[in-house]
Every structure is written in structure tokens, then in C-alpha cells.
Amino acid sequence: MDIRASTVLPARREDIELHTADGLTLVGEVALPESTPPVATLVCLHPLPTHGGMMDSHVLRKASYRLPALAGLAVLRFNTRGTTSERGTSQGAFDEGEGERFDVAAALEYAEFHDLPHPWLLGWSFGTELALKWGHDPLVEGAILLSPPLKRATDDDLDAWAAFGRPLVALVPEFDDYLRPEEAVRRFARVPQAEVVGVEGAKHLWVGEPYVRTVLDEVVKRLNPAAAPLPTAV
């Protein structure tokens, strides 16, 4: 069977709730390999909720559909405060990336409490800002950024990640609306351990199966290299 945009592969899927230090309940889901422990964990931070971003944004949803089965990964997705998806609505209200620090912390606490191993952050657009600003937790082993705009996240945040020392991979579309590869190389030069991967032909929203596969392959290269590249059929 060819793996297509709508393909859902077997996994143990569980609706979850996250509880923030400022008293909110967030809705989410964790997808685990069907019959083996996960080898690593992907904590997904979705795009801007005021522009339709949510835990079901398509690249994150496809990661949860494929990576537990194909790469042995746990995939944790959730709605940040005030965000709605088919799973439901998280309590609270959008806070421009500031109060969301508690949301990131709650997701990492969930991963730690449930023994989800080797967590990496996968941020997309607004989610990359959350990763850069609030993701330097000792539990985090690295971060992968999709379409980083570097608007809310400043040079100070990049410097903080440089000091944090964990791997940072920026996947930057050739035709991004906010930050393109050449400028991304210059901006991320502040982070010695950062790697900028320009993706030819891609746009900010990563529409199209070839671009989704590129993203998921780059994720798996970091979290479980033995499983890369991912198969295109099962």
C-alpha cells in the first residue's frame, strides 16, 4: 500500500489532558508505537491559532499518523491555550506566545511523568517561536523548526538557545512568506550548533506530499536515524 496524504498507520492513540502551572487544562493526543516502546518522542507545537493553527495542522497530524509505525516514535500533539480542533478546545486565551510558556512546560512535564523518552520539539511557524523562547528545558534533547518566522523570537532567544547547547534544525522553505534560506542562515549564525536546511520549492504551509515527506524524513534523521529515510509504501 502506498502511503498517501490520508494514510493512517497503526498506533496506540490516547486522548490526553495537560495541566498548566497557571491552572489551565489543555487538550491533546499522544500516539505511540503499536506494540513496542517508543525510541524517542516528538512534542509538536502548532502554528498560529489566530490564523487556523492547531494540533491537527496537517504536517503535525501526518507525523502522528505515520511516525509511530514507521519510526518507533511517540508523537504528542496538543492545543495551546484558547485553541480549538476536533479534539476540543483548550482553556484560556491566546497570549501572543507569552502565557504559552506554561503550555510548553505542561507538555514536557507530561512526557517526563509518562516516561516518554528523548523528547525533541517540533515547532511550526508560531510553534517555532515557542520552542525558541520556552523550549530550553533540561529534558529537551533538541528542536526542529518548520518555517521559523523569527518575529516573536528575538536574537536574545537565539543567544539563549546557543547557550543551551542542544541541537537546532531549521527547515526553511525556498518560497517562505517570512524568512527564506539565505536570510535564515544569517540569522541562525548566532547559534553555533544550528543547522539550516533550505527546502527547494517549498512554501510556508508545506502543502504537497513531497514536502511533508521531506519534513518527516528530516525529523526521523534526528530522532531515529536507523529508520531514515522513511518508506513510501507499507
Side-chain angles (χ1 to χ4, degrees), residues 8 11-34 37-38 40-68 73-149 151-153 157 160 219 223:
V8 182
R12 290 178 285 144
R13 306 179 195 280
E14 180 183 352
D15 288 342
I16 62 172
E17 292 183 344
L18 308 179
H19 302 284
T20 69
D22 61 340
L24 301 181
T25 298
L26 314 178
V27 299
E29 181 205 81
V30 64
L32 302 166
E34 190 173 32
T41 303
L42 198 61
V43 177
C44 300
L45 305 174
H46 60 68
L48 193 65
T50 55
H51 288 66
M54 57 178 171
M55 62 178 276
D56 285 336
S57 292
H58 78 103
V59 175
L60 308 184
R61 186 179 70 247
K62 290 167 187 172
S64 77
Y65 285 174
R66 302 180 197 180
L67 297 185
L73 302 184
V75 180
L76 192 163
R77 299 178 295 139
F78 67 99
N79 287 332
T80 56
R81 55 191 57 212
T83 301
T84 298
S85 71
E86 184 176 319
R87 168 71 181 90
T89 300
S90 289
Q91 292 179 349
F94 176 66
D95 195 32
E96 296 288 348
E98 293 302 315
E100 284 82 0
R101 73 180 72 184
F102 300 116
D103 306 352
V104 176
L108 295 174
E109 288 167 6
Y110 181 95
E112 182 175 28
F113 185 79
H114 290 84
D115 297 320
L116 299 179
H118 306 298
W120 280 64
L121 301 175
L122 175 65
W124 181 3
S125 193
F126 173 68
T128 70
E129 315 275 45
L130 300 185
L132 288 169
K133 290 171 72 67
W134 314 122
H136 25 85
D137 182 292
L139 191 69
V140 171
E141 297 200 357
I144 299 168
L145 312 179
L146 309 183
S147 307
K151 291 184 177 295
R152 292 175 176 84
D157 296 311
V219 167
L223 276 71

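None of the values given here were measured: they were computed from a predicted structure. Numbers here simply count residues along the sequence, with the first being 1.
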Between [X] and [Y], is any pair of side-chain heavy atoms under 4.5 Å apart?
{"X": "Glu100", "Y": "Leu45", "value": "no"}
{"X": "Leu18", "Y": "Ile16", "value": "yes"}
{"X": "Leu116", "Y": "Val43", "value": "no"}
{"X": "Arg61", "Y": "Arg77", "value": "yes"}
{"X": "Ser90", "Y": "Thr80", "value": "no"}

From [atom1] ([X]) to [atom2] ([Y]), nearest 0.5 Å:
{"X": "Leu121", "Y": "Leu130", "atom1": "CG", "atom2": "CG", "result": "9.5 Å"}
{"X": "Glu96", "Y": "Arg152", "atom1": "CD", "atom2": "CZ", "result": "4.5 Å"}
{"X": "Tyr65", "Y": "His58", "atom1": "OH", "atom2": "NE2", "result": "12.5 Å"}
{"X": "Arg66", "Y": "Leu73", "atom1": "CZ", "atom2": "CG", "result": "13.5 Å"}
{"X": "His46", "Y": "Leu48", "atom1": "NE2", "atom2": "CG", "result": "9.0 Å"}

Scan the side chains in residues 104-111 for donor-acceptor partners under 3.5 Å anywhere in the protein, sequence neighbours excluded, and list what turns up.
none

Any sub-3.5 Å donor-acceptor pair from [X]'s side-chain atoms to [Y]'s backbone N or O?
{"X": "Gln91", "Y": "Leu24", "value": "no"}
{"X": "Glu129", "Y": "Lys151", "value": "yes"}
{"X": "Ser147", "Y": "Trp124", "value": "no"}
{"X": "Asp103", "Y": "Thr20", "value": "no"}
{"X": "Asn79", "Y": "Val27", "value": "no"}
{"X": "Thr128", "Y": "Leu145", "value": "no"}
{"X": "Thr41", "Y": "Pro117", "value": "yes"}

Please name the pair of heavy atoms, one in [X] and one in [Y], separated by the smallest distance, quoted to 0.1 Å.
{"X": "Ala74", "Y": "Pro33", "answer": "N-CD, 4.4 Å"}
{"X": "Met54", "Y": "Ser85", "answer": "SD-CB, 3.5 Å"}
{"X": "Ser125", "Y": "Pro149", "answer": "O-CD, 3.6 Å"}
{"X": "Arg13", "Y": "Ala31", "answer": "NH1-CB, 3.8 Å"}
{"X": "Pro47", "Y": "Phe126", "answer": "C-CB, 3.7 Å"}

**Electrostatic pair Arg87-Asp56, nearest N-O below 4.0 angstrom** =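 Between Asp56 and Arg87 there is no salt bridge, as every charged N stays at least 4.0 Å from the carboxylate O atoms.
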
**Fill in**
The side-chain hydrogen bond (donor to acceptor under 3.5 Å, both in side chains) partners of Thr50 (sequence neighbours excluded) come to none

**Prompt:** By side-chain hydrogen bond (donor to acceptor under 3.5 Å, both in side chains), which residues pair with Ser57, not counting sequence neighbours?
**Reply:** none

**Fill in**
Those residues at least two apart in sequence (or on a different chain) that pass ring-ring contact (aromatic ring centres under 6.0 Å, His included) with Phe78 are none

**Prompt:** Can you list the steps and then say if Leu223 with Leu67 is a side-chain contact (heavy atoms from CB on, under 4.5 Å)?
**Reply:** CA-CA 11 Å; Leu223 276 71; Leu67 297 185; over 6 Å; no

**Prompt:** Which residue pairs satisfy the side chain to side chain donor-acceptor pair (under 3.5 Å) criterion with at least one member in residues 112-122, sequence neighbours excluded?
**Reply:**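 Output for this query lists His118-Glu141.
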
**Prompt:** How would you list, by chain and number, every residue that makes a side chain to side chain contact (heavy atoms under 4.5 Å, CB included) with Glu98, sequence neighbours excluded?
**Reply:** Asp95, Arg101, Lys133, Trp134

**Request:** For side-chain contact (heavy atoms from CB on, under 4.5 Å), just list the numbers for Leu122 and Leu146, CA-CA rounded to whole Å, side-chain angles, deciding distance to a tenth of an Å, and then say yes or no.
**Result:** CA-CA 8 Å; Leu122 175 65; Leu146 309 183; 3.9 Å; yes

